[in-house]
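In what follows, a structure is listed as structure tokens, so that the remarks can point back to it.
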Amino acid sequence: MDSIWSPREKAAVESMLGLLVTGSPKRVREKLDAFIQVTGADELIITSDPYDSADRLRSFELIAEAKRQK
């Protein structure tokens, strides 16, 4: 990719990847709590990109499970 994108494009992608949250519901909760603490956000917009709709729905179910854990 280094031969294709500009330094600015690379920095933008790397910045967005820094916001990526993956893992078990417990790990997702920890990462989201840390993000909220750093940013002071009172609302999050979450996307999930699996191609299969059942996988996408399961992803949101896991995110909801993470929200319920404390």
Side-chain angles (χ1 to χ4, degrees):
M1 285 298 299
D2 288 337
S3 65
I4 298 172
W5 59 14
S6 70
R8 184 178 215 170
E9 291 168 323
K10 182 178 181 178
V13 169
E14 288 174 346
S15 173
M16 293 304 292
L17 288 176
L19 300 174
L20 182 68
V21 175
T22 61
S24 68
K26 181 178 186 261
R27 181 70 180 135
V28 168
R29 180 62 192 226
E30 291 168 355
K31 287 182 169 184
L32 291 178
D33 285 345
F35 177 80
I36 291 166
Q37 185 175 0
V38 168
T39 64
D42 62 1
E43 179 179 24
L44 301 176
I45 298 172
I46 297 173
T47 62
S48 182
D49 296 326
Y51 175 78
D52 183 78
S53 59
D55 291 342
R56 191 168 37 258
L57 178 58
R58 181 64 180 142
S59 176
F60 285 119
E61 289 170 347
L62 290 169
I63 293 165
E65 181 182 332
K67 181 183 180 296
R68 289 189 295 269
Q69 291 182 358
K70 255 306 188 182

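- In terms of hydrophobic clustering, with Ile, Leu, Val, Met, Phe, Trp and Tyr side chains grouped at heavy-atom distances under 4.5 Å, Ile36 and Val21 are assigned to a common cluster.
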Report, one line per pair, each donor and acceptor closer than 3.5 Å where one atom sits in a side chain of residues 45-53; sequence neighbours left out.
residue : atom : partner : partner atom : Å
Ser48   : OG   : Ser59   : OG           : 2.7
Asp52   : OD2  : Ala54   : N            : 3.0
Asp52   : OD2  : Asp55   : N            : 3.1

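- With sequence neighbours excluded, no residue satisfies side-chain hydrogen bond (donor to acceptor under 3.5 Å, both in side chains) with Ser24.
- Take Arg58 and apply the salt bridge (charged side-chain N to carboxylate O under 4.0 Å, His left out) test, not counting sequence neighbours, and it matches Glu61.
- Residues Met16 and Trp5 are members of separate hydrophobic clusters, defined by side-chain heavy-atom contacts under 4.5 angstrom among Ile, Leu, Val, Met, Phe, Trp and Tyr.
- Following chains of ILVMFWY side-chain contacts shorter than 4.5 Å, one cannot reach Leu20 starting from Val38, and the two form parts of different hydrophobic clusters.
- Every pair passing salt bridge (Lys or Arg N to Asp or Glu O under 4.0 Å) that includes a residue from residues 4-23 is listed here, sequence neighbours excluded: Asp2-Lys10.
- Across all their heavy atoms, Arg29 and Arg68 have their closest contact at NH1-N, 4.3 Å.
- Legend: residues meeting side-chain hydrogen bond (donor to acceptor under 3.5 Å, both in side chains) with Lys31, ordered by chain and number and at least two apart, are absent.
- Leu19 is not connected to Leu62 by any chain of hydrophobic side-chain contacts under 4.5 Å among Ile, Leu, Val, Met, Phe, Trp and Tyr, and they are in different clusters.
- Of all non-hydrogen atoms in Val28 and Gly23, the two that sit nearest each other are CG2-O, 3.6 Å.
- The side chain to side chain contact (heavy atoms under 4.5 Å, CB included) search around Ile4 returns Met1, not counting sequence neighbours.
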